[in-house]
Amino acid sequence: MVKILSVFGTRPEAIKMAPVIMELERNPGDFQSLVCVTGQHRQMLAQVLDLFDIRPDFNLDVMSSGQDLFDVSGKVLQGLKTVLAQVQPDIVLVHGDTATTMAAAIACCFSRIGIGHVEAGLRTYQKYQPFPEEICRRVTGAVADLHFAPTSVARANLLGEGIDGGTIFVTGNTIVDALQSITKRIAGDRALQEQLEEQFSFLDPTRKLIIATCHRRENFGEGIENICRALAEIATSDADVEILYPVHPNPNVREPVHRLLGGGSYPNIHLVAPVEYLPFVYLINRSRLIITDSGGLQEEAPSLGKHVLVIRDVTERPEAVVAGNVRMVGTDCGKVVAAGRDLLRNSSSQGDSGCCRDLYGDGKAACRIAAVLRRHGNGLSRANRESAG
Ligand code: UD1
Ligand code: UDP
């Protein structure tokens with residue numbers, strides 16, 4: 001029996017850890033699965049916990065409005081000290097690249113507890129791009145005992161940093177597991193489909209739907225303002241287009257987006273609150289184009305055959321750029337507008353990119369992670385304590 005504590009705190013971590021937690025819970029003979037949420041996000045985290053029916057054993061409840069990196073990291077580090085001492089897990093699972101991830105990894109290291117890093121090895125090798133995610137990933141990679149790399153590119157990055165190949169496992173990205181399970185849920189439920197159609201009846205099915213999201217720290221200020229101007233220009237010059245923009249609740253995002261695009265100035269731009277994950281998957285499927293700086297969307301949209309315009313200068317997810325599903329344009333207004341128009345013109349009426357869809361996984365990542373944990377998880381913390389003396 002392996003005792004596993006999964007620690008996460010934001011919406012994307014929850015979506016990507018849900019398949020792993022569900023897999024551990026499906027095997028109670030092999031795993032004792034406990035969950036600690038840091039509450040780095042509040043409402044956006046609650047949406048995902050409800051959807052996947054995850055009931056946390058611990059909630060550090062750290063979120064405050066307008067928090068900074070010191071607030072989150074400090075509170076998570078301090079809060080986990082007590083939880084780790086109480087639970088004494090064989091291994092803690094963390095995910096990806098957030099402040100929660102890095103602080104939790106450090107807390108485990110200080111407590112000599114085994115660490116499994118899900119979505120390990122993504123890199124841009126540019127310290128401040130994305131910020132602070134690149135550094136959160138590298139720090140977590142430096143202290144993790146097991147590295148669950150989603151792709152062979154991620155594995156190669158870790159090997160290049162001198163990480164022991166015997167501790168790296170290529171599993172696929174768990175986002176594909178989550179996406180497939182939600183897509184199946186929608187496809188198998190006619191009443192749910194009608195409910196979703198009703199929920200989004202304000203969208204005109206004859207228009208080309210663009211979904212836009214933006215929240216990266218390096219885009220705060222001028223970057224977000226440029227993107228808003230680009231969206232306004234696309235919406236104004238093409239009456240056939242409709243833009244749905246779920247606005248991230250971060251005050252650095254909400255303020256400029258509502259100032260530049262709100263107040264009903266653009267009838268074909270809809271600013272909405274963050275959409276729950278299940279309806280959001282439905283919307284991605286309905287869309288012709290995604291314009292985003294989100295990490296998760298760079299994986300989901302290609303998996304559903306959609307084109308993505310990435311409003312960043314570099315990405316740690318090069319696979320879809322190489323395959324042609326993703327185009328990187330930065331945040332220059334003119335470039336975003338030109339690339340957006342080009343992709344709308346050249347995509348099929350269903351928005352199908354025609355590019356390879358299975359770049360990030362096959363929906364079995366959680367099973368592979370559980371298999372590794374069965375083999376290597378037991379006694380990992382004990383081994384760490386022994387080697388630390
Ligand atoms: C965080 C992660 C980022 C991830 C993103 C996903 C860090 C440093 N950043 O950025 O890697 O891509 O989450 O969305 O860990 N807020 C709410 N309700 C919520 C969530 C956020 O009101 O449910 C507001 C609060 O004012 C909060 C602010 O957003 O203080 C910022 O949240 P924070 O988690 O610090 O940063 P994100 O920009 O969400
Ligand atoms: N997402 C969602 N509702 C929204 C916007 C995004 O459920 O209104 C999902 C999206 O499908 C993806 C995840 O949230 O799975 C990405 O989160 P975010 O962009 O906040 O973070 P990142 O992936 O950039 O870390």
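Remember, it's 1-based here, ligands and their atoms both numbered in the order they're listed. Owing to the predicted nature of the structure, the values given are computational and were not obtained by experimental measurement.
- The atoms of ligand 1 that sit less than 4.0 Å from any heavy atom of Q43 are 17 (C), 18 (N), 19 (C), 22 (O), 23 (O).
- If you check the side chains of E161 and Y125, you find a donor sitting under 3.5 Å from an acceptor.
- D177 has no carboxylate O lying under 4.0 Å from a charged side-chain N of K16, or vice versa, which leaves the two without a salt bridge.
- For M63, no nitrogen or oxygen atom sits less than 3.5 Å from a nitrogen or oxygen atom of ligand 1, counting backbone and side chain alike.
- Of the candidates L344, D240, L209, L344 is the only one forming a side-chain contact (heavy atoms from CB on, under 4.5 Å) with R288.
- Not a single salt bridge (charged side-chain N to carboxylate O under 4.0 Å, His left out) links D332 to another residue, sequence neighbours left out.
- For ligand 2, the 4.0 Å heavy-atom shell takes in R11, P12, I15, I175, H215, R216, P246, P274, V275, Y277, F280, S294, G295, G296, E300, ordered by chain and residue number.
- For atom 34 (O) of ligand 1, the closest non-hydrogen atom on the protein side is Q40 NE2, 2.9 Å.
- For E233 and R229, the salt-bridge test fails: no basic side-chain N is under 4.0 Å from an acidic carboxylate O.
- At the top of the distance list for atom 39 (O) of ligand 1, counting protein heavy atoms only, stands H41 NE2, 2.7 Å.
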### Task
Begin with the C-alpha distance, continue with both residues' side-chain angles, and end with the deciding distance and a verdict on salt bridge (charged side-chain N to carboxylate O under 4.0 Å, His left out) for E133 and R217.
CA-CA 10 Å; E133 289 80 6; R217 273 177 169 69; 5.2 Å; no
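- For ligand 1, the polar-atom distance check finds an N/O of Q67 within less than 3.5 Å of one of the ligand's N/O atoms.
- Scanning the protein heavy atoms around atom 11 (O) of ligand 1, the nearest turns out to be E133 OE2, 2.5 Å.
- Below 4.0 Å from some heavy atom of L69 lie the following atoms of ligand 1, by number and element: 8 (C).
- When only non-hydrogen protein atoms are considered, atom 29 (O) of ligand 1 lies nearest to N250 CA, 3.3 Å.
- Those atoms of ligand 1 with a heavy atom of S65 less than 4.0 angstrom away are 26 (O), 30 (O).
- Counting only distance, with no hydrogens or angles, the side chain of T38 and the backbone of L60 share no donor-acceptor pair below 3.5 Å.
- Scanning for ring pair (Phe, Tyr, Trp, His ring centres under 6.0 Å) contacts around Y360 gives an empty result, with sequence neighbours left out.
- Considering both main-chain and side-chain atoms, H248 comes within under 3.5 Å of ligand 1 through a nitrogen or oxygen pair.
- Looking at ligand 1, you'll find an N or O of S64 within less than 3.5 Å of one of its N or O atoms.
- Scanning all protein heavy atoms for the shortest distance to atom 4 (C) of ligand 1 gives H215 NE2, 3.8 Å.
- Counting only heavy atoms of the protein, atom 36 (O) of ligand 1 lies nearest to R217 NH1, 3.6 Å.
- When each atom of ligand 1 is checked for a heavy atom of P12 under 4.0 Å away, the hits are 6 (C).
- Evaluation of the side-chain contact (heavy atoms from CB on, under 4.5 Å) rule for P56 yields V35, V37, L49 as partners, not counting sequence neighbours.
- Where the criterion is an N or O separation shorter than 3.5 Å, residue side chain and backbone included, T98 fails it with respect to ligand 1.
- Interface atoms of ligand 1 facing R42, defined by a heavy-atom separation under 4.0 Å, are 19 (C), 23 (O).
- Near P251, meaning under 4.0 Å from one of its heavy atoms, ligand 1 places the atoms 26 (O).
- The closest protein non-hydrogen atom to atom 26 (O) of ligand 1 is G66 N, 3.0 Å.
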### Query
Can you list the steps and then say if K75 with D61 is a salt bridge (charged side-chain N to carboxylate O under 4.0 Å, His left out)?
CA-CA 9 Å; K75 287 186 202 167; D61 197 20; over 6 Å; no
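- Using a 4.0 Å cut-off between charged nitrogen and carboxylate oxygen, K3 and D90 do not count as a salt-bridge pair.
- Side-chain N or O atoms of S73 include none that pairs as donor or acceptor with a backbone N or O of F70 at under 3.5 Å.
- Taken to the nearest 0.5 Å, the OG atom of S287 stands 9.5 Å off from the CD1 atom of I210.
- Of all protein heavy atoms, the one closest to atom 16 (N) of ligand 1 is P249 CG, 3.6 Å.
- Within the 4.5 Å cutoff, the side chain of Y245 has no heavy atoms near those of the I211 side chain.
- Exactly one residue among R123, R138, R137 makes a salt bridge (charged side-chain N to carboxylate O under 4.0 Å, His left out) with E316. That residue is R137.
- Each of the atoms 8 (C) of ligand 1 lies under 4.0 Å from some heavy atom of P132.
- Under a 3.5 Å cut-off, the side chain of S111 and the backbone N or O of I113 do not form any donor-acceptor pair.
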